[in-house]
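Worksheet: the structure to be examined is printed underneath.
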Amino acid sequence: MVVEIKDGVYWVGVVDWELKHFHGHELSTHRGSTYNSYLILDEKKVLVDGVWTPFADQLIANISEIIDPAELDIVVANHAEVDHAGALPTVMRHARDATVVCSPKGLDSFPGNYHVDWDFQAVKTGETIDIGSNELIFVEAPMLHWPDSMFTYLTGRNILMPNDAFGQHYATAGRFNDEVDQEELYEEALKYYVNILTPFSNLVSKKIEEVVGLGLPVDMIAPSHGVIWREDPMQIVSKYQEWAAQEPECKAVILYDTMWNATGRMAAAIGDGFGDEGVDYKCLHMALTDRNDALVEVFKARTVVVGSPTFNNGILAGMTPILEELKGLRMKNKLGASFGSYGWSGGAAKILQERLAEAKIEVIRDGIEVKWQPDAEGLATCREFGRELAAATKKT
Ligand code: FEO
């Protein structure tokens, strides 16, 4: 359903209730998503971003409720990723005379992804386009989320359209932040930040300072996924500043995989040690836990403890994906340690410790291993290990 979000500005996007995985299967999206596209009617007719390829016809139908898509003068393409630009080849078949406005890096990513020869106009930070009564102002935002990413600001209506930044994978009936469950909204906004933007936290902080420094009034922040921030729109900017600082809470998360529950019992005993010291913790069996949700818990926690039995001289495969993600996300201000059980030869704890170091997680102390099933003494050792890690967690 098309929604007029401000005078002459329409949301013409799509709500995808069915989406359960994004980026192929890299990111879980339990609550679906939206692909937000905005139509601006001024002397010039402007479309800002499109939708994912399978919804191209829906986008055309939505635009057609307001104008003939052939009337579009400008298509602002803030980012070439397929969830926003996949429908643009269809749009451009209708809007044959439209100019496609993108960042300078877009001159590489759009032809590279779509093999098209549109009438491109590259704009740099601070450049403007007069569309009649109002102007579009552009701010390049490299790596938020690709090198080509760009923010577009509409004067007169005071709407910032920052594409992926400030988004959420969150399908809802309402289009605005004041129309949805706040707890769900912030769960999804944080999960989105953690899984997509964490490695670029320094850039997020700098970009926010730059945009705020422009002194533009902001009545709405209209991202390309999820709800539009209408009520107190700067609240999400403050949250991003907080998240970008990566100052974890005094708590721990214990990630493990286990075969016959020896390592699982060690995890529980280590958790008891944290509990003894009054440090909140979660135990997550990674063969049974959504990886992207687990990463949110790691993001929030000061200490991450990883465990696996030794298996074929290595670690259980259930731990591999999250360790790979931790390496890529480069979270800051984390402490870590490792543990595991073994039968005839150990080594998993050492391998896990090396993986923590690769992820730039500061290892508190060497890991511990228990042979076969832990007995009372083995569990006591684990509990003491947990207490020691908890003390280090509290110190910082
Ligand atoms: Fe929502 Fe980077 O695309």
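Indexing begins at 1, ligand by ligand and atom by atom, following the structure's order. When a residue number appears, it is its place in the shown sequence, counting from 1.
- At least one donor-acceptor pair under 3.5 Å links the side chain of Tyr38 to the backbone N or O of Pro223.
- In this structure a side-chain-to-backbone donor-acceptor pair under 3.5 Å is missing from Ser341 to Pro309.
- Between the side chain of Arg31 and the main chain of Thr172, no donor-acceptor pair closer than 3.5 Å is present.
- The backbone N or O of Met234 lies less than 3.5 Å from a partner atom in the side chain of Ser238, making a donor-acceptor pair.
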As a quick check of understanding, evaluate side-chain contact (heavy atoms from CB on, under 4.5 Å) for Leu59 and Thr90, giving each step before the final call.
CA-CA 9 Å; Leu59 175 61; Thr90 303; over 6 Å; no

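- The set of protein atoms (N, O or S) found at less than 2.8 Å from atom 2 (Fe) of ligand 1 reads His79 NE2, Glu81 OE1, His145 ND1, Asp164 OD2, by chain and number.
- Between atom 1 (Fe) of ligand 1 and the N, O or S atoms of His225, the shortest distance is to NE2.
- Think of Phe385 as one node in a network of Ile, Leu, Val, Met, Phe, Trp and Tyr side chains linked at under 4.5 Å; its network also takes in Ile254, Tyr256, Met266, Ile270, Phe274, Val279, Tyr281, Val305, Leu335, Phe339, Ile364, Ile368, Val370, Leu389.
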